[in-house]
Amino acid sequence: MTDPQEKPHDPDAGTHAAVLDAKGLRALAHPLRLQLVGLLRKHGPSTATRLAERLGVNSGSASYHLRRLGAAGFVEEDAERGNARERWWRSVHQVTWFNDPELAEREPDAALAYLQSVAATYTLRTQRTLNELQTMPRAWRETFDMSDWPLRLTSTEAAALYGELRDVISRYRRDTPEEAAGAPEGAERISVITQLLPEPGEPAAPSGRSGLGEAAGPAAP
């Protein structure tokens, strides 16, 4: 996870959230570090060797990047699991915020690298679901959706749309260790990825067309 972005006013944010400063932004600008943090948040504590196997990299590289993440405050050693031969790591936070335009202007290269890594992670997550879709139970296949809805809004309207989407999503159970423990039988992880992609200067849809883009609903049974 993947490291999805959360806005600072997210109602579920708090002590489990990391707000990116310049140091944190530069640390997470490396795509492998973003993936390491995502795996620790999703699956819990692990070792460099096990994480390296999941990501298809060598354990030395994973260990190096975990130490860099530790120095930046995103992960820490799990002393309860570690021993003299094996070093375990755990995530310090559950979500990451990056919503500071001034920071993005001060660190444009790191900001772009971080956002590109986030986008790539979302793409990998989507592709993984597609690869597994046909083997999922039908009930879960029918929840799958990928849709594209072109809209023509002002920046104020776009911000309001995001706020409404956030409010709807916040009504549902988060996949945190605390909330997952009380989830009903049959509850599984669901990833909701929102993207508002401004396209300033794009002309309106030609007359006589609805302007709707591609939409892929639930997979056929």
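Side chains of Arg68 and Tyr64: a donor-acceptor N/O pair is present below 3.5 angstrom, by distance only. A donor-acceptor pair shorter than 3.5 Å can be found between the side chains of Arg41 and Thr96. Arg67 and Ser63 share a side-chain donor-acceptor pair at under 3.5 Å.
In plain terms, the two heavy atoms of Ile169 and Val192 that are nearest each other are CD1-CG1, 3.8 Å. Between Ala72 and Lys23 the shortest heavy-atom distance is CA-CE, 3.9 Å. Of all the heavy atoms in Ala62 and Ala48, the pair that sits closest is CB-O, 3.7 Å. Between Arg33 and Ala27, the shortest heavy-atom contact is CD-O, 3.0 Å. Minimum heavy-atom separation, Arg173 to Glu179: CG-OE1, 3.5 Å. The two residues Arg50 and Ser46 have their closest heavy-atom pair at CB-OG, 3.3 Å.
The only option from Gln94, Arg189, Lys42 that meets the side-chain hydrogen bond (donor to acceptor under 3.5 Å, both in side chains) definition with Asp175 turns out to be Arg189.
The closest donor-acceptor contact from the side chain of Arg54 to the backbone of Leu39 lies at 3.5 Å or more, if one exists at all. Within the 3.5 Å criterion, the main-chain N or O of Met136 finds a donor-acceptor partner in the side chain of Arg141. At distances below 3.5 Å, not a single donor-acceptor pair connects side-chain atoms of Arg81 with backbone N or O atoms of Arg87.
Scored by the salt bridge (charged side-chain N to carboxylate O under 4.0 Å, His left out) test, Arg171 finds no partners at all (sequence neighbours excluded). Every residue was checked against the salt bridge (charged side-chain N to carboxylate O under 4.0 Å, His left out) condition with Glu132, not counting sequence neighbours, and none meets it.
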Step-by-step side-chain contact (heavy atoms from CB on, under 4.5 Å) determination, Leu32 to Ser61: CA-CA 9 Å; Leu32 181 56; Ser61 178; 3.6 Å; yes
Test log, rule side-chain contact (heavy atoms from CB on, under 4.5 Å), inputs Trp89 and Leu69: CA-CA 10 Å; Trp89 298 89; Leu69 287 168; over 6 Å; no
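Two residues are said to be in side-chain contact when any heavy atoms from C-beta on lie closer than 4.5 Å; Thr129 and Phe144 meet this criterion. Contact of the Ile190 side chain with the Trp140 side chain is registered, since non-hydrogen atoms from C-beta on lie closer than 4.5 Å. Looking only at side-chain heavy atoms (C-beta outward), Trp88 and Glu77 stay at 4.5 Å or farther from each other. Residues Glu164 and Tyr162 form no side-chain contact, since every pair of their non-hydrogen atoms from C-beta on lies 4.5 Å or further apart. Side-chain contact between Val118 and Phe98 is absent, with no heavy-atom pair separated by less than 4.5 Å. Residues Leu40 and Leu51 form a side-chain contact, since some pair of their non-hydrogen atoms from C-beta on lies under 4.5 Å apart.
More than 12 heavy atoms of other residues, nucleotides or ligands shown are found within 6.0 angstrom of CD on Gln195. For Arg90, the CZ atom counts as densely surrounded, since its 6.0 Å shell holds more than 12 non-hydrogen atoms of other residues, nucleotides or ligands.
Classified by interplanar angle (parallel below 30°, tilted 30° to 60°, perpendicular above 60°), the ring pair His65/His30 is tilted.
Note: the hydrophobic cluster containing Val37 does not contain Leu124 (ILVMFWY, side chain heavy atoms under 4.5 Å, direct or indirect links). Clustering ILVMFWY residues whenever any of their side-chain heavy atoms sit less than 4.5 angstrom apart, transitively, puts Leu36 in the very cluster that holds Val57. Leu103 and Leu112 are not part of a single hydrophobic cluster, where members link through side-chain heavy atoms under 4.5 Å apart. One hydrophobic cluster, built from ILVMFWY side chains closer than 4.5 Å, holds both Leu165 and Leu151.
Atom CD of Glu86 and atom OG1 of Thr47 lie 5.0 Å apart (nearest 0.5 Å). Within the model, atoms CG of Asn131 and CZ of Arg128 stand 9.5 Å from one another, a figure rounded to the nearest 0.5 Å. Considering CZ of Arg106 and CG of Leu25, their distance stands at 9.5 Å, rounded to 0.5 Å. Separation of atoms NE2 (His93) and CD (Glu76) is listed at 9.0 Å; rounding is to 0.5 Å.
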